[in-house]
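Remember, predicted model here, so these are calculated numbers, not experimental data. Position 1 is the first residue of the sequence, and the numbers go up from there.
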Amino acid sequence: MSQILTKPLKPTKSFYERVGALLLLCVFLALLAGRFTLGRVGSGLPDFDLRLGFLYLLLTGIAVWIAGGHGYFPKPLKVTGAGFFIAWAFWLLFSSVWAPDGARVGDAFLDIVLLIAFTLVAWGLMSRLSAESTARIWKWMLVAAVIYFALAMAAGPGAQGRYAAPGGGPNVFVRVMVLGAIAALYFTSTRKKAIYLLPVPLFAVGAALSGSRGGLLSAAVILLVFSIPICRQLGAKRVTGLLVIGVIGVWIFASTNPKIVAFVQDRFLEQTLVEGYSSGRDTIAEDALRLFGQSPITGVGLDGYYVLQVSPETFEYPHNLVIATMAETGIVGLVFLLGALVTVFAVVVRHRPIPATVLYAAGAGFYQFVAGLFSGDYYDTRMMWFFLGLAAVEAGRRKTGVTASGEGTVSQPRRLGIAASGANLYRSY
């Protein structure tokens, strides 16, 4: 008895699973927050990039987690497309060598390094955690979207009448709203309860109030592409319920907010269809494609578009991930980018029917990609890579037959010891 009392307690595997999930939550929040400096906290404070401090603390926590739980960790799952992502990102960094004079290489370089670091940390955690832990991402996304919507409504419209949560622009706000809707659909599919559809009309209203035409068009494209598997996941009754709830919810909101309806009509009908207002995207595309024609193999270098654009109205970046990659890194960078997207898509559709854990992660990731064709810079692709990595991990997990929602049919392995059973449970391709 005395030996039992004096024997040091050893942390259990569940403890390390919870710590790993907590670390994944920290990465999720860091990616969701975007760029953040001390200068934004209060006047007089230095413009220190808080992402650096956060990354240092995160890596320290992960090092302690790995060292302490080494014996509990299973073999990591394969993240399909990771090699192409790393090649694309490092080619971006390498293109700074031939960037033109005046390019903001320092800021762009830091953004890409942090993008690589946060993405690889997120993927590393996802690949070693259980399906139950990675499924928490959808709960975080749903809660975040509700908070963003509440903050946007409390803050009211901006100078252009567009809504956004404090600390982010309308184009970021619309993406959070759409991701929140995808999270709600995920829970409806996996838990078979229509109650999770209730916030979807709010997210639809929030997306419309953002005034982001590209964000809404991207949502429509993804909904069209994934419509058949989503309907199969939801079932006819829930699809009908979603349509009814959506129509009633939007009608109630519209009937009680005539000014907001007028804004939506002006933004999406008058400015877009009647006046043909494109926010300069046509001019940006012409300039970027011109630069690609000048240097089609390697591009003009990192942030070269900012220096070499010739239009009277200057823009910070090309606002299109594909065109920016073409202009600044050439065909080489484009091959790496498309390679990552194609390989993830291939592994997602390899097995039919597509499980909900894979389907909605892929939908979220590819939505971010399509939205990135209308706005955002390289660092703004962070949530795209996050969800594409999640889709790849969950697709790899399918071979074990174990998912967070119990979709699998393969029985659990016998208890052969923590390390052995964990390795069997998580083994990928």
Side-chain angles (χ1 to χ4, degrees), residues 34-35 87-112 115 159-160 162 168-172 174-175 210-218 221 267-268 271-341 367-382 384-385:
R35 298 176 178 88
W88 171 76
F90 275 91
W91 183 251
L92 278 173
L93 295 177
F94 188 64
S95 70
S96 62
V97 174
W98 58 85
D101 294 336
R104 302 160 300 181
V105 171
D107 292 339
F109 201 94
L110 176 61
D111 279 347
I112 297 169
L115 174 65
Q160 296 180 330
R162 303 172 65 182
N171 292 326
V172 174
V174 69
R175 298 185 189 191
S210 71
S212 176
R213 295 165 295 178
L216 287 176
L217 178 60
S218 302
V221 170
R267 177 71 179 176
F268 294 98
Q271 294 184 24
T272 304
L273 300 180
V274 178
E275 300 176 4
Y277 176 61
S278 65
S279 299
R281 297 299 191 268
D282 51 348
T283 302
I284 294 174
E286 290 177 3
D287 263 358
L289 292 175
R290 176 184 57 83
L291 296 178
F292 172 69
Q294 293 178 2
S295 183
I297 305 300
T298 60
V300 297
L302 188 62
D303 200 45
Y305 168 83
Y306 177 74
V307 178
L308 302 177
Q309 59 184 309
V310 296
S311 59
E313 183 182 4
T314 58
F315 298 90
E316 293 292 316
Y317 42 83
H319 287 278
N320 185 305
L321 175 61
V322 171
I323 292 180
T325 300
M326 292 171 59
E328 297 184 351
T329 64
I331 294 176
V332 177
L334 181 63
V335 168
F336 292 147
L337 174 63
L338 296 182
L341 298 173
Y367 164 72
Q368 291 280 356
F369 167 69
V370 179
L373 302 180
F374 298 95
S375 64
D377 57 14
Y378 297 124
Y379 191 70
D380 290 327
T381 65
R382 57 193 183 275
M384 177 188 88
W385 297 115

side-chain hydrogen bond (donor to acceptor under 3.5 Å, both in side chains), paired with S375, selected from R213, H319, R175: R175
Rounded at 0.5 Å granularity, tell me how far OG1 in T381 sits from CG in L321. 6.0 Å
Ion pair present between R35 and D377, side-chain N to carboxylate O less than 4.0 angstrom? yes
For residues 284-296, please give each side-chain donor-acceptor pair under 3.5 Å, one per line with the distance, not counting sequence neighbours.
| from | atom 1 | to | atom 2 | distance (Å) |
| --- | --- | --- | --- | --- |
| D287 | OD2 | V310 | N | 3.1 |
| D287 | OD2 | S311 | N | 3.1 |
| D287 | OD2 | S311 | OG | 3.4 |
| R290 | NH2 | L308 | O | 2.9 |
| S295 | OG | G299 | N | 3.4 |
| S295 | OG | G299 | O | 2.9 |

For the residue pair P100 and V307, what are the closest heavy atoms and their distance? CG-CB, 4.1 Å
Quick test of your reading: applying salt bridge (charged side-chain N to carboxylate O under 4.0 Å, His left out), list the pairs with at least one residue in residues 319-335, sequence neighbours left out, ordered by first then second residue. none
Side chain to side chain contact (heavy atoms under 4.5 Å, CB included), that's the test. Do F374 and L217 meet it? Break it down for me. CA-CA 10 Å; F374 298 95; L217 178 60; 3.6 Å; yes
At what distance, to the nearest 0.5 angstrom, does OG1 of T325 lie from CD1 of I331? 13.0 Å
A87: which residues meet the side-chain contact (heavy atoms from CB on, under 4.5 Å) condition with it, sequence neighbours left out? F336
Whether R104 engages the ring of Y306 as a cation-pi pair (distance to the six-membered ring centre under 6.0 angstrom, angle to the ring normal within 45°) should be assessed. yes
Any donor-acceptor pair under 3.5 Å from S95 side chain to G301 backbone: no
When you look at R162 and S212, which way does the side chain to side chain contact (heavy atoms under 4.5 Å, CB included) test go after all the steps? CA-CA 8 Å; R162 303 172 65 182; S212 176; 4.0 Å; yes
Taking all non-hydrogen atoms of both residues into account, name the closest pair between V174 and Y367 and its distance. O-OH, 3.8 Å
Measuring only between side-chain heavy atoms, which start at C-beta, is Y305 closer than 4.5 Å to F315? yes
To the nearest 0.5 Å, how far apart are CG in D111 and CG in L92? 11.0 Å
Looking at every heavy atom in both V105 and S96, which two are closest together, and how far apart are they? CG1-CB, 3.6 Å
Do T329 and L334 have side chains that get closer than 4.5 Å, going by heavy atoms? no
What I'd like to find out is whether the side chain of T314 reaches to under 4.5 Å of the side chain of Q309, using heavy atoms alone. yes
Scan W88, Y378, F369, Y379 and name whichever one has a ring-ring contact (aromatic ring centres under 6.0 Å, His included) with W385. W88
Can you tell me how far CG of L337 sits from CE of M326, rounded to the nearest 0.5 angstrom? 11.0 Å
Determine the interplanar angle of the W91 and F94 rings, folded into 0 to 90°, and report it as parallel if under 30°, tilted if 30 to 60°, perpendicular if over 60°. tilted
Nearest 0.5 Å please: distance from the CG atom of D303 over to the CZ atom of F109. 13.5 Å
